[in-house]
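To keep things clear, I will list the structure first and then write my remarks on it.
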Amino acid sequence: MITEKSDEYWMSKALAEGARARLKDEVPVGCVIVHGGRIIARGHNLRESSHDPSSHAELTAIRKAAKKLGSWRLPDTILYVTLEPCLMCMGGIILARIPRVVFGCSDPKGGAAGSLYDLSSDSRLNHRVEVVSGVLKRECSEMLSDFFREIRASKKRTAIDS
């Protein structure tokens, strides 16, 4: 008997990727891409360590998935990411023909899957994306909030020590 895993299950795997980013002092955003009931690609933010502004979790995972499947088209996949994709990442999702995106917490300052923009259903584009939001929202949001709280506290300590 095949048991389908839930969105929460896969999002927990994306959260683990976000934790890997945090260990590298990167903004803790994690992503997994699922195909045929298994993870085929993982990614987390690497902008700081790679000095590459395009090293977002989603694009890293999309590149790996395309290589794994031997195609730039990823039509039978689901992308799970802890933070709502930005314009660049939604562009990559649309270009890769990913049909479904599940994200944890919204990004009111840069989200392009419903918060600031909504590229997922823009009729001017050649591909639509089903978007599910708010999966493990609290956990995803807390991971980001804790990270930025630590950054602010560190900057405050540095300013006091100066």
Side-chain angles (χ1 to χ4, degrees), residues 2-22 24 26-47 49-50 52-144 147:
I2 297 174
T3 305
E4 192 172 316
K5 294 183 172 79
S6 68
D7 286 342
E8 289 79 9
Y9 173 83
W10 297 118
M11 187 61 73
S12 72
K13 302 301 183 186
L15 277 162
E17 280 300 306
R20 289 182 66 200
R22 177 63 188 102
K24 297 174 183 177
E26 298 277 356
V27 176
V29 176
C31 178
V32 297
I33 297 180
V34 175
H35 178 264
R38 63 184 180 87
I39 294 173
I40 60 163
R42 299 169 187 269
H44 54 270
N45 276 3
L46 292 169
R47 289 188 313 168
S49 57
S50 70
D52 179 354
S54 70
S55 288
H56 285 203
E58 300 95 312
L59 293 185
T60 299
I62 288 170
R63 287 183 190 111
K64 290 177 182 179
K67 188 172 185 177
K68 174 94 173 176
L69 295 179
S71 175
W72 61 267
R73 292 180 187 91
L74 304 173
D76 299 318
T77 61
I78 304 171
L79 184 144
Y80 292 87
V81 64
T82 56
L83 179 65
E84 179 181 0
C86 69
L87 282 166
M88 176 179 66
C89 292
M90 278 304 294
I93 288 163
I94 289 164
L95 291 172
R97 310 298 195 267
I98 295 173
R100 187 168 188 257
V101 169
V102 180
F103 70 84
C105 58
S106 297
D107 183 358
K109 293 182 179 180
S115 289
L116 190 57
Y117 303 100
D118 189 1
L119 295 184
S120 67
S121 61
D122 191 321
S123 63
R124 296 169 295 178
L125 300 173
N126 65 342
H127 178 69
R128 308 294 175 280
V129 181
E130 175 192 350
V131 173
V132 177
S133 63
V135 175
L136 298 184
K137 178 181 177 177
R138 182 181 54 80
E139 293 89 337
C140 294
S141 181
E142 283 176 3
M143 184 166 56
L144 286 162
F147 173 78

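All values below were derived from every heavy atom in this structure, side-chain atoms included, with hydrogens, water molecules and symmetry-related copies excluded.
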*Give a yes or no on whether the backbone of R42 and the side-chain of K64 come within a donor-acceptor separation of less than 3.5 Å.*
yes
_Determine whether a donor-acceptor pair (N or O, by modelled atom type, separation under 3.5 Å) exists between the side chain of R128 and the backbone of S123._
yes
*Please say which of L136, V135, L79 ends up in a side-chain contact (heavy atoms from CB on, under 4.5 Å) with V102.*
V135
_Separation of T77 OG1 from I98 CD1 (nearest 0.5 Å)_ = 4.5 Å
_Under the rule for side-chain contact (heavy atoms from CB on, under 4.5 Å), what residues qualify as partners of A65, not counting sequence neighbours?_
I33, I40, A41, L74
*Scan for salt bridge (Lys or Arg N to Asp or Glu O under 4.0 Å) pairs involving residues 66-86, sequence neighbours excluded, and state none if there are none.*
none
*Can you pull the salt bridge (Lys or Arg N to Asp or Glu O under 4.0 Å) pairs that have at least one residue in residues 93-106, sequence neighbours excluded?*
D7-R100, R100-E130
Output all residues satisfying side-chain hydrogen bond (donor to acceptor under 3.5 Å, both in side chains) with [X], sequence neighbours left out; order by chain, then residue number.
{"X": "S106", "answer": "none"}
{"X": "K13", "answer": "none"}
{"X": "S71", "answer": "none"}

Indicate yes or no: at least one non-hydrogen side-chain atom of [X] is less than 4.5 angstrom from one of [Y].
{"X": "C31", "Y": "T60", "result": "no"}
{"X": "I78", "Y": "W10", "result": "no"}
{"X": "K24", "Y": "H44", "result": "yes"}
{"X": "C140", "Y": "L15", "result": "yes"}

_Y80 vs V34, side-chain contact (heavy atoms from CB on, under 4.5 Å): CA-CA, chis, key distance, verdict_ = CA-CA 8 Å; Y80 292 87; V34 175; 3.8 Å; yes
*Check the pair M143, R22 against side-chain contact (heavy atoms from CB on, under 4.5 Å), reporting the backbone distance first and the verdict last.*
CA-CA 9 Å; M143 184 166 56; R22 177 63 188 102; 5.8 Å; no
